[in-house]
Amino acid sequence: MFSHIDSPILEKAKLYLSQKVRTLANEIDVSSVELSKALKGLGDLKLLNFYLPHFFKEIEVSGEIFADFQELVASYSGALAFLQTQHQSAVRMVVSSANTQLKKNIYPK
């Protein structure tokens, strides 16, 4: 469990989750408004762009760190873990798409 907890990415995630998600976990799991806020918080910390090409993000993320990140989020909120996984999957689909116009429109956001 959390084999790379000394990773700067995981430390950033753990800090956010412990400070912002832990106390609201029950609300996040039942309120779409709170869930949206929690997801935005991950996004503001650039923790939702692991599958973007390297020139759009600050740091490369290994598969092990990503797995640890997934487990870490799930340990705080099931709903947030599910939603951010869906987001990460959508990003991966766009990245692997041949649709260059879609990529141009989405990458800056």
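Expressed to the nearest 0.5 Å, how far OG1 of Thr85 lies from CD of Gln70 amounts to 3.5 Å. The structure places CG of Leu42 at 10.5 Å from NZ of Lys12, a figure rounded to the nearest 0.5 Å. Here the CG-OH distance, from Leu47 to Tyr16, works out to 9.0 Å after rounding to the nearest 0.5 Å. Taking CG of Leu35 as the reference point, atom CG of Leu83 lies at 5.0 Å (rounded to 0.5 Å). Atom NZ in Lys20 sits 11.0 Å away from atom NZ in Lys37 (nearest 0.5 Å). Annotation: the span from Gln84 atom CD to Ser77 atom OG amounts to 10.0 Å, rounded to 0.5 Å.
Across all non-hydrogen atoms, the minimal contact from Ala25 to Tyr76 is CB-O, 3.3 Å. Across all non-hydrogen atoms, the minimal contact from Ala74 to Ala81 is CA-CB, 3.6 Å. Scanning all heavy atoms of the two residues, the minimum distance from Leu80 to Asp29 falls at N-OD1, 4.3 Å. In plain terms, the two heavy atoms of Ala13 and Leu72 that are nearest each other are CB-CD2, 3.9 Å.
By the side chain to side chain donor-acceptor pair (under 3.5 Å) test, Gln86 is found to be paired with no residue, residues two or more places apart in sequence or in another chain being considered.
Between the side chain of Ser97 and the main chain of Met93, no donor-acceptor pair closer than 3.5 Å is present. Ser36 places no side-chain N or O within donor-acceptor distance of the main-chain N or O of Ser32, the cut-off being under 3.5 Å. In this structure a side-chain-to-backbone donor-acceptor pair under 3.5 Å is missing from Ser31 to Ile28.
Hydrophobic clustering, with ILVMFWY side chains joined whenever heavy atoms are under 4.5 angstrom apart, groups Leu10 together with Leu45.
Proximity of Leu48 to Leu39: side-chain heavy atoms (C-beta onward) are separated by under 4.5 Å at one or more points.
Salt bridge absent: Lys14 and Glu11 never bring a charged side-chain N and a carboxylate O closer than 4.0 Å.
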